[in-house]
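Each remark here refers to the structure printed beneath this line.
Numbers restart at 1 for each chain; the letters A, B, ... are given by sequence-line order, proteins then strands.
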2 protein chains.
Amino acid sequence: MQGAARQSLNGGAERGAAGVSANVDGSTLDGKGPLFGQIKRAVAGQILRGRWQAGERLPNEEQLSSLYGVSRQTVHKAIALLAREGFLVRRRRAGTFVASVRHDRFALPIEDIGDVITRNGGVYEFRILDRKTLRNGEGLRWPDVPDGTPLLSLDCLHLGDGAPIQYERRLVNLDAVPEVADEPFDSVAPSRWLVDQVPWSSAEHTVKAVNATADLAALLGVEPGTACLSIRRQTVHLNRSITLVHFLSVGDRFSLSGSSITDSATELNL
Amino acid sequence: MQGAARQSLNGGAERGAAGVSANVDGSTLDGKGPLFGQIKRAVAGQILRGRWQAGERLPNEEQLSSLYGVSRQTVHKAIALLAREGFLVRRRRAGTFVASVRHDRFALPIEDIGDVITRNGGVYEFRILDRKTLRNGEGLRWPDVPDGTPLLSLDCLHLGDGAPIQYERRLVNLDAVPEVADEPFDSVAPSRWLVDQVPWSSAEHTVKAVNATADLAALLGVEPGTACLSIRRQTVHLNRSITLVHFLSVGDRFSLSGSSITDSATELNL
DNA sequence: CGGCCAATTATGTACATACATTATCGTCGC
DNA sequence: GCGACGATAATGTATGTACATAATTGGCCG
């Protein structure tokens, strides 16, 4: 059907011929989905199968367009996407190269702990252990926020089926989110509330492993020294620091898992 | 200069006029960088500043194009990118909507431990502690690979400035990567070698915190029970499992850090 | 020989146009 | 009223064309 669509799109004859010449070279399009996607798969396939080696230079857009029998823009779109996904590196005038270093990242979901517990069929609760307002620099300091800024400090415990899973220590910038001062957090957890209130944001994360202190161990109901996953997150919105939060989770009750960021291979069905 | 470029691109008069009409609506382009980027910033700005609320419907491409005084394709490119980045949701015939749920993920870099140490000015070494070949199911089992598959098993220690940083326990599928059998790994570490050999792949990861066992603690030179970051990674290439690796790192000598996957906000300078 | 400058080449952006695709909406007929 | 069905409105894809931008290349000149 897609093939048929293409036929009707561009009066068969010419592009049909071009298609044939492409096949000669072993660069066949599979006819599934949009043309640019077919080009992506074709090119990615060459790379994944090692026919185009790392560092090697690809034919230029002009050549690829005649090779596959499509317009340069269509090739451009496909190649530009592959470049954006990290498969290729492009340099003007120099050409397009198979990326040599996989600047690989893996993606871990940032999820509300409540969602995770609920999704896994558990019963989620949270408790606010402590709540106070203070000014930055008095007793503690949040480096990325000016001294004297009013802050809301929250200590919170998240439980799944009654068992403590995660301890949360949070600071919220009251200059940036003054409404938070009036929120009792008796039904909705702070993290959830913030997600709902502050529409979009970027964040920085650090993940490490720590041994539970005596206090923390008591809260989480484990032996002191138990390994805990520590996730520190700072959220920024419109260049203003919104919240700084530190999650501590019992190692064997909580983990992060995810797949490679470039789901291209999956996407590309290769 | 960009502004000037645009002037010369499209004979000043007409688009100049369109630009003015856009300004009336408060939707001014900043004139920095490519047009589609300006559109992205303008639209993302509306969202980030809450003028376009979650779930709300945007003007269609036609309207946006006359609003900003650019062609529909340019609008399309900008909007399609924002949609890909998760800011917008698009449905044919229905329109474009501000995404309500932030399907947020954060990205952590997967880097060669050697690179990390070297980049931080340290001296990197590694030692192969144990190397043997075996068949899957004999003594241990890698679930995603058929029983009986020949495997290479490697135990490896990574050191920074002489201090153990990370312990690596790895299985390599010899059916998928037979060349690995002949590689002595006396100068290049297994992870590095595999990255170089197996061109592209996707991977699954799990991160958690564990307490060091006595053996592990001895290897890493820490007290038994010290919190360690555990990263398990399974790599797949062309639907075949390549390698299964387990990294264990001393909590306070190693951490993962990264930023939100949608670096759009950063990208967009908002 | 070395450095500067101009030609060249490859990618990047923009517009116009056309047609494809897909839901939704409304209408017609039962 | 309700379902089928076609009109319609939105996004999605593809091509042609033109020009912008960047960087390599090579030649020219000192």
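With sequence neighbours excluded, no residue forms a side chain to side chain donor-acceptor pair (under 3.5 Å) with A:Thr235. Applying the side-chain contact (heavy atoms from CB on, under 4.5 Å) criterion to A:Asp196, with sequence neighbours excluded, gives A:Arg192.
As a whole-Å value, the separation of A:His76 NE2 from D:dT21 P is 15 Å. Following rounding to the nearest Å, B:Leu29 (CG) and C:dT13 (P) show an atom-to-atom distance of 16 Å. Here D:dA20 presents its C1' atom at 12 Å from CG of B:Leu35, a figure rounded to the nearest Å. Atom-to-atom, CD1 of B:Ile79 to C1' of D:dT13 comes out at 17 Å; the value is rounded to the nearest Å. The NZ-P distance, from B:Lys40 to C:dG12, rounds to 15 Å in whole Å. B:Phe97 places its CZ atom 9 Å from the P atom of D:dT11, with the value rounded to the nearest Å. Between A:Leu88 atom CG and C:dA10 atom C1' the separation is 14 Å, expressed in whole Å. Spacing between atom CD of A:Glu62 and atom C1' of D:dT17 amounts to 12 Å, rounded to whole angstrom units.
Under the 30°/60° scheme for interplanar angles, the aromatic rings of B:Trp193 and B:Phe185 are found to stand perpendicular.
Between B:Val43 and B:Trp52 the shortest side-chain heavy-atom distance falls below 4.5 Å. Residues B:Lys40 and B:Phe87 are not in side-chain contact: their nearest non-hydrogen atoms beyond the backbone lie 4.5 Å or more apart.
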At a cut-off of 3.5 Å, list every protein nitrogen or oxygen paired with a nitrogen or oxygen from nucleotides 4-9 of chain D, distance to 0.1 Å.
from: D:dT8; atom 1: O2; to: B:Arg93; atom 2: NH1; distance (Å): 2.3
from: D:dA9; atom 1: O4'; to: B:Arg93; atom 2: NH1; distance (Å): 3.3

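OP1 and OP2 of C:dA10 both lie 4.0 Å or more from every side-chain N or O belonging to A:Arg90. Applying the 4.0 Å criterion to OP1 and OP2 of C:dT13, one finds that B:Thr74 has every side-chain N and O outside that range. Within the structure, a side-chain polar atom (N or O) of B:Lys77 is placed less than 4.0 Å from OP1 or OP2 of C:dT13. The shortest distance between the side-chain N/O atoms of A:Thr96 and the OP1/OP2 oxygens of C:dT11 is below 4.0 Å.
The 5' end of DNA chain D is approached more closely, in terms of each residue's nearest nucleotide, by A:Arg72 than by the other of A:Arg72 and A:Ala94.
Side-chain atoms of B:Phe36 lie closest to C:dA14 of the nucleotides D:dT24, C:dA14, D:dT15.
Inspection of the B:Ser191 and B:Asp112 side chains reveals an N or O donor paired with an N or O acceptor under 3.5 Å.
Within 4.0 Å (heavy atoms only), B:Arg91 reaches sugar-phosphate atoms of the nucleic acid but no base atom.
A donor-acceptor contact shorter than 3.5 Å links the side chain of B:Gln38 to the backbone of B:Gly31.
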